[in-house]
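Notes for the one structure printed next.
Indexing begins at 1, ligand by ligand and atom by atom, following the structure's order. Numbers for residues simply follow the sequence, beginning at 1. Values below: every heavy atom of this structure, side chains too, minus hydrogens, waters and symmetry copies. These numbers come from a predicted model, not from an experiment.
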Amino acid sequence: MRQSIVNSNVLVIGGAGFIGSHLADRLIAEGANQVVIIDSLFIGKKANIKKALNNGAILYVDDAENQEALGYIIENHAIDIVFNCATKPLNYSFINPSNTFLTNVLVLKNLLECQRQKKFQTLCHVSSSEAYGSAQYEPMDEGHPLDPETPYAAGKAAADLMLQTYVNMFDLDAFIIRPFNNYGPRQNFAGPMAGVIPLTINKILENEQPEIHGDGKQTRDYVYVEDTAEMALNVFPFVSPGESVNISTDQQLSIQYVIESIENVMNYQGETLKKPVRTADVMSHRGTVKKLHTLIGQWDKTPFKEGIQNTVNWVKAVKEEEGV
Ligand SMILES: NC(=O)c1ccc[n+]([C@@H]2O[C@H](COP(=O)([O-])OP(=O)(O)OC[C@H]3O[C@@H](n4cnc5c(N)ncnc54)[C@H](O)[C@@H]3O)[C@@H](O)[C@H]2O)c1
């Protein structure tokens with residue numbers, strides 16, 4: 001029987017990032033005894049965890065690729081449970097492919113070694129639907145082959161396989177959640193590492209034209225980030241060691257629909273720029289929710305337009321606060 005999150009000491013690696021910061025908030029609300037965050041602030045921001053820090057979370061600005069630092073923090077806080085959200089963005093694969101690959105692998109390797117040395121009990125590793133590559137069949141279930149198309153995704157796939165082998169050989173309590181595309185507040189909206197939804201919102205706010213790469217028919221399974229954090233905690237007691245579960249909606253939205261939805265919500269009347277297709281852009285990503293539903297039953301997902309409205313409100317608020 002897995003130890004409950006309630007009253008446990010929980011470490012979130014990459015906890016100042018987009019998904020990790022929502023997870024930290026959720027863990028505190030759930031009744032974790034202590035939430036500790038490690039983040040190198042490569043992309044993460046202290047602003048993302050303002051609420052968590054006010055509610056008692058502790059932040060270490062450190063690199064989880066450093067085994068000694070990681071082991072020290074885990075022991076110092078008598079950590080029971082670890083959620084691993086550390087990653088470098090997929091777009092960073094284009095600039096520094098080897099480092100993107102290695103971060104995805106090394107942080108998990110360090111965690112598995114700590115766990116093998118019994119420094120903590122349970123590991124929830126956050127993988128990605130990117131590890132599947134373009135769909136060979138749809139909707140993709142957890143048995144879909146791992147066929148990555150970027151160094152980022154290769155790192156995610158390699159990490160997943162490493163976790164499975166450590167569970168097989170050393171009987172560790174470690175499992176994988178595999179979110180599909182997330183969107184929502186706290187997703188990076190500026191610069192080359194920005195996600196398409198916040199980037200488009202920011203462009204419209206900056207009076208620039210939104211862009212579509214390729215024909216816009218690429219599809220994604222978009223999950224609102226607070227739903228992902230909730231699902232991660234809901235499935236936590238039920239996923240068997242070595243197994244994975246999709247965090248998805250089983251709903252396909254084309255990029256064209258996504259951009260048009262943002263334009264509608266923001267009342268944008270201008271043109272949409274057509275750009276060349278991006279290298280290694282997978283055509284389709286739809287994940288089945290069958291296993292998720294088997295584990296925790298049906299769940300009410302945040303309606304897409306509501307999620308977009310929340311994200312627009314957040315981007316506006318940050319820009320106002322930062323005066324940009
Ligand atoms: N955002 C999505 O759409 C999405 C979809 C599927 C899976 N995921 C997965 O969810 C997890 C979190 O992704 P995210 O979107 O929140 O990304 P993010 O970039 O916002 O968060 C990752 C965090 O890890 C930190 N980090 C990077 N290298 C580190 C290191 N060596 N040591 C400590 N911290 C480090 C970064 O500063 C950042 O705050 C990742 O595993 C990612 O693969 C994300």
Side-chain angles (χ1 to χ4, degrees), residues 11-25 36-49 52 59-67 69-70 73 82-93 96 99-111 123-132 140 148 150-160 163 176-199 220-229 231-232 244-249 258 282 285 287 307 311:
L11 173 63
V12 186
I13 320 247
F18 170 43
I19 297 178
S21 63
H22 287 281
L23 202 52
D25 287 340
V36 179
I37 292 166
I38 301 179
D39 202 299
S40 61
L41 301 186
F42 180 79
I43 284 285
K45 292 184 185 66
K46 280 189 188 162
N48 289 343
I49 49 171
L59 168 67
Y60 285 88
V61 179
D62 216 329
D63 188 339
E65 288 168 52
N66 179 332
Q67 178 86 63
L70 183 66
I73 293 165
V82 178
F83 286 83
N84 178 25
C85 298
T87 199
K88 303 253 169 71
L90 190 152
N91 289 355
Y92 193 59
S93 283
N96 192 341
N99 186 247
T100 313
F101 174 86
L102 283 175
T103 293
N104 282 342
V105 172
L106 287 177
V107 175
L108 184 72
K109 182 272 288 175
N110 287 348
L111 283 169
L123 171 62
C124 172
H125 172 62
V126 183
S127 178
S128 169
S129 58
E130 290 290 328
Y132 294 139
M140 292 185 275
T150 56
Y152 168 88
K156 300 305 291 187
D160 290 359
L163 181 146
I176 298 164
I177 60 170
R178 200 168 277 139
F180 280 62
N181 285 68
N182 270 241
Y183 73 103
R186 302 180 189 162
Q187 190 171 23
N188 183 31
F189 61 78
M193 305 304 155
V196 62
I197 290 179
L199 184 73
R220 296 291 183 270
D221 187 336
Y222 272 103
V223 192
Y224 187 59
V225 65
E226 290 183 32
D227 293 347
T228 294
M231 290 309 109
S244 61
V245 61
N246 289 342
I247 307 286
S248 57
T249 65
V258 168
V282 296
H285 251 197
T311 314

*Checking side chain to side chain donor-acceptor pair (under 3.5 Å) for the pair Ser127/Lys156: CA distance, chi angles, key distance, verdict?*
CA-CA 6 Å; Ser127 178; Lys156 300 305 291 187; 5.4 Å; no
Task: Under 3.5 Å: N/O of Pro179 near N/O of ligand 1 - done: no
Correct closest heavy-atom pair for Leu23 and Cys85 would be CD2-SG, 3.8 Å
### Query
Any side-chain heavy atom of Phe101 sitting closer than 4.5 Å to one from Pro148?
no
| query | Does the side chain of Tyr222 come within less than 4.5 Å of Ile197's, by heavy atoms? | reply | yes
Quiz item: Mind checking whether Ser127 has a heavy atom under 4.0 Å from ligand 1?
Solution: yes
With nothing but distance in play, are any N or O atoms of Gln187 less than 3.5 Å from an N or O of ligand 1? no
Smallest heavy-atom separation, Met140 atom then Asn246 atom, equals O-ND2, 3.0 Å
Checklist entry - Is Tyr152 close to ligand 1, meaning an N/O of one under 3.5 Å from an N/O of the other? => result yes
min-distance protein heavy atom vs atom 5 (C) of ligand 1 -> Phe180 O, 3.3 Å
Here the atoms of ligand 1 under 4.0 Å from any heavy atom belonging to Ala16 are 39 (O)
Nearest heavy-atom approach of Ile37 to Ala24 is CD1-CB, 4.0 Å
Among non-hydrogen protein atoms, atom 32 (N) of ligand 1 lies closest to Ala64 N, 2.9 Å
Sorted by chain and residue number, the side chain to side chain donor-acceptor pair (under 3.5 Å) partners of Asn182 (sequence neighbours excluded) come out as Thr228
Of all protein heavy atoms, the one nearest atom 36 (C) of ligand 1 is Asp39 OD1, 3.4 Å
Logged contact type for Pro89 with ligand 1, heavy-atom cut-off 4.0 Å, is neither
For Asn48 and Ser21, the nearest pair of non-hydrogen atoms, with its separation, is O-CB, 3.6 Å
The atoms of ligand 1 lying under 4.0 Å from a heavy atom of Leu41, numbered in the order shown, are 37 (O)
ask   = Any donor-acceptor pair under 3.5 Å linking the side chain of Asp221 with the backbone of Gly287?
value = yes
_On the six-membered ring of Tyr152, is Lys88 placed so that its NZ or CZ lies under 6.0 angstrom from the centre and within 45° of the ring axis?_
no
Rounding to 0.5 Å, atoms OH (Tyr92) and OG1 (Thr103) come to a distance of 8.0 Å
Can a donor-acceptor pair be found, under 3.5 Å and without considering hydrogens, that links the side chain of Ser128 to the backbone of Glu130?
yes
Within 4.0 Å of some non-hydrogen atom of Gly14, the atoms of ligand 1 are 23 (C), 24 (O), 25 (C)
So for Tyr92 against ligand 1, with non-hydrogen atoms under 4.0 Å, the contacting part is neither
Looking only at protein heavy atoms, what sits closest to atom 11 (C) of ligand 1 is Cys85 O, 3.5 Å
Query - No-hydrogen, no-angle side-chain donor-acceptor test under 3.5 Å, His125 and Asn84 - result: yes
### Query
Can any side-chain N or O of Asn110 pair as donor or acceptor with the backbone N or O of Glu65 at less than 3.5 Å?
yes
Next on the checklist: Pairs of nitrogen or oxygen atoms closer than 3.5 Å, one from Ile19 and one from ligand 1: do any exist?
Outcome noted: yes
Short version for Asp62: what comes under 4.0 Å of ligand 1, heavy atoms counted, is backbone
In this structure, atom 19 (O) of ligand 1 is nearest to the protein heavy atom Ile43 CG2, 3.7 Å
message = If you measure every N or O of Ala86 against every N or O of ligand 1, does any of those distances drop under 3.5 Å?
response = no
To atom 27 (C) of ligand 1, the nearest of Thr87, Asp63, Thr228, Asn48 on a heavy-atom basis is Thr87
Atoms of ligand 1 under 4.0 Å from any heavy atom of Phe42, numbered from 1 in the order shown, are 37 (O)
The answer for which part of Asn181 has a heavy atom under 4.0 Å from ligand 1 is backbone
Check: Short N/O distance, under 3.5 Å, between Ile13 and ligand 1?
Finding: no
Under 3.5 Å, N or O to N or O, is Ser129 touching ligand 1 that way?
no
Quick look: Lys156 vs ligand 1, heavy-atom contacts under 4.0 Å, and the answer is side chain
Quick note on ligand 1: atoms under 4.0 Å from a heavy atom of Thr103 include exactly 28 (N)
- [ ] Report yes if some N/O of Ile38 lies less than 3.5 Å from some N/O of ligand 1; otherwise report no.
- [x] no
Does Tyr183 come within less than 4.0 angstrom of ligand 1, counting non-hydrogen atoms of the residue? no
Between Asp160 and Arg178, does at least one N-O distance fall below 4.0 Å, as a salt bridge requires?
-> yes
Going by the 4.0 angstrom heavy-atom rule, the piece of Asn188 near ligand 1 is neither
Counting N and O atoms only, with roles assigned by atom type, does the side chain of Thr150 sit under 3.5 Å from a partner on the main chain of Ala153, one being a donor and the other an acceptor?
yes
among protein heavy atoms, the one nearest atom 20 (O) of ligand 1 is Phe18 N, 2.9 Å
Any heavy atom of Ser40 under 4.0 Å from ligand 1? The part involved is both
